[in-house]
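Structure first, then comments.
Excluded from the calculations below are hydrogen atoms, water molecules and symmetry mates; all remaining heavy atoms, backbone and side chain alike, are included. Keep in mind the model is a prediction, meaning the values are calculated, not measured. A note on names: the letters A, B, ... follow the listed sequences, proteins ahead of strands, and every chain is numbered from 1.
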Amino acid sequence: MVKLDQINISNNGLTKFFSPIETRIMKTLWDEGKMTTSELTSKTDIPLTSIAGTLDRLVKAGYTNRGVETINGRVRYVYEPTFSEEETANEITTRILDSLVDTFGKVAIENFSKYNDKK
Amino acid sequence: MNIIGEINCFGFCLRLSELAPYVALLIVIAIALFAARLIIKRPEQKLLTLIGAQLAILSAIAAAFYLMKCSDMLTIHLYLAYAGISLFLIFGVLRFYDRIMIKRLGARPAREMIGWTQEFVDKLTNATVYYYDSAVPKAFAAGRSIFLSLGLLELLNDDEIKAVLAHESWHIRNNSRMPFLKQLALMTFSPQRETDIEDLADYFAAKIAGSDALFSARSKLDKIFN
């Protein structure tokens, strides 16, 4: 289960749920699959300074997995997204819907069905 | 006795005492040594000057307390309690700080992953090298343990890792003296300047691993943290 800390409704796209750096990392991982730290820094063009702490956070929150590889006595991290983009979308919407129903009960459910009718 | 009364007591007792000039002399020596520290360049001399100044202050405090004729002074009780608590924390709790960090970071012995790091440290000091899971490049020493993040092992080459290990080994070798320095700094209200100690550790690292390796490790890490 992933951790959803904060939602900023006024932000665009995935930055509603992730920080801009987290969004760039996740998008890259979804596009490319498995990646090392140095591949991630060059592909996202984010310096290690900013990317290292963010990667720790994404791993802790459960959005990415990382394994450790040792090649010729050198250690490196290999990252991959824990869930696909669709699975993550599914997870986030379920979590938000759960919390809306939990907070507003009937009103939330009525609005969902109205929303469905409109569509 | 209230605080104002105590301050008056300090004034009175010091003025009446024949030893007052010596207390003043100790304070002057301390100030002179603090000033000298600003001019001195070599880290070990800098550190010694600071310790000298702190010892002078400590003697001045002890002498002033000894000269007090008033009984049951709150300030003296407070100071002794402060000294006792810091003594307990520094010599009691900090010694087990590495045990706490191993648990908190989920650290594993580095010999399980890259054996040479432990062999390298074994030649320098008696300490266990641990690695822990974090992409942020970081190394530190506590108790008899050296901690390296996987991010650091990933970023640095072998020579640079050796420089870092030598730096941290210096800390371990001198760890038995550090609590005294910390205690002295706390009891004289003059915070320790970490840079002197770090410079000394870097001197040692440059001697062991070469100044090129130390310099490139430093510049890689400075880029991350500055």
Side-chain angles (χ1 to χ4, degrees), chain A residues 1-3 5 18-83, chain B residues 101-123 128-140 146-165 168 209 213 216-226:
Chain A
M1 172 112 76
V2 295
K3 225 167 95 186
D5 289 327
F18 297 107
S19 76
I21 289 180
E22 287 170 346
T23 307
R24 262 157 78 190
I25 295 172
M26 289 312 296
K27 283 248 180 233
T28 314
L29 283 173
W30 281 323
D31 290 347
E32 310 277 331
K34 275 192 176 183
M35 287 181 102
T36 64
T37 316
S38 56
E39 284 166 352
L40 264 170
T41 43
S42 61
K43 198 88 190 174
T44 54
D45 210 20
I46 306 169
L48 187 68
T49 334
S50 330
I51 215 171
T54 313
L55 285 169
D56 277 0
R57 205 165 49 243
L58 282 171
V59 169
K60 212 172 156 203
Y63 288 104
T64 52
N65 269 332
R66 68 177 164 204
V68 183
E69 277 182 3
T70 31
I71 299 164
N72 302 328
R74 306 276 321 138
V75 181
R76 63 179 198 187
Y77 274 129
V78 181
Y79 292 87
E80 58 180 338
T82 314
F83 306 104
Chain B
M101 288 317 279
I102 290 168
K103 264 212 169 135
R104 233 180 71 187
L105 298 169
R108 312 270 322 139
R111 66 165 71 84
E112 288 176 7
M113 190 174 310
I114 15 175
W116 68 262
T117 52
Q118 183 63 56
E119 286 159 27
F120 180 76
V121 167
D122 283 343
K123 279 183 229 148
T128 314
V129 187
Y130 290 91
Y131 72 87
Y132 66 95
D133 183 26
S134 168
V136 181
K138 215 180 151 187
F140 63 96
I146 294 173
F147 296 86
L148 305 173
S149 74
L150 281 174
L152 183 111
L153 293 171
E154 193 178 29
L155 176 73
L156 302 184
N157 66 35
D158 289 1
D159 285 339
E160 292 160 347
I161 294 171
K162 278 181 190 162
V164 170
L165 286 171
E168 299 306 332
S216 64
R218 267 260 163 263
S219 51
K220 274 186 187 174
L221 293 172
D222 282 348
K223 242 188 257 166
I224 308 274
F225 293 108
N226 293 340

In terms of heavy-atom proximity below 4.5 Å to chain B, should A:Thr70 be classed as side chain, backbone, both, or neither? side chain
Minimum heavy-atom separation for B:Ala135 to A:Ala52, with atom names? O-CB, 3.5 Å
At their closest point, which heavy atom of A:Leu48 faces which heavy atom of B:Pro137, and how far apart are they? CD2-CG, 4.2 Å
For B:Tyr132 against A:Tyr77, the heavy-atom pair lying closest together: O-OH, 4.4 Å
Is there a donor-acceptor pair closer than 3.5 Å between any side-chain N or O of A:Arg74 and the backbone N or O of B:Leu153? yes
Looking only at B:Gly151, B:Ser134, B:Ser149, most heavy-atom pairs under 4.5 Å shared with chain A are made by B:Ser134
Taking side chain as everything from C-beta outward and backbone as N, CA, C, O, which of these in B:Leu152 sits under 4.5 Å from a heavy atom of chain A? Side chain, backbone, both or neither. neither
With chain A as the partner chain, list the residues of residues 101-114 of chain B whose heavy atoms fall under 4.5 Å from it, by residue number, and write 'none' if nothing qualifies. B:Met113, B:Ile114
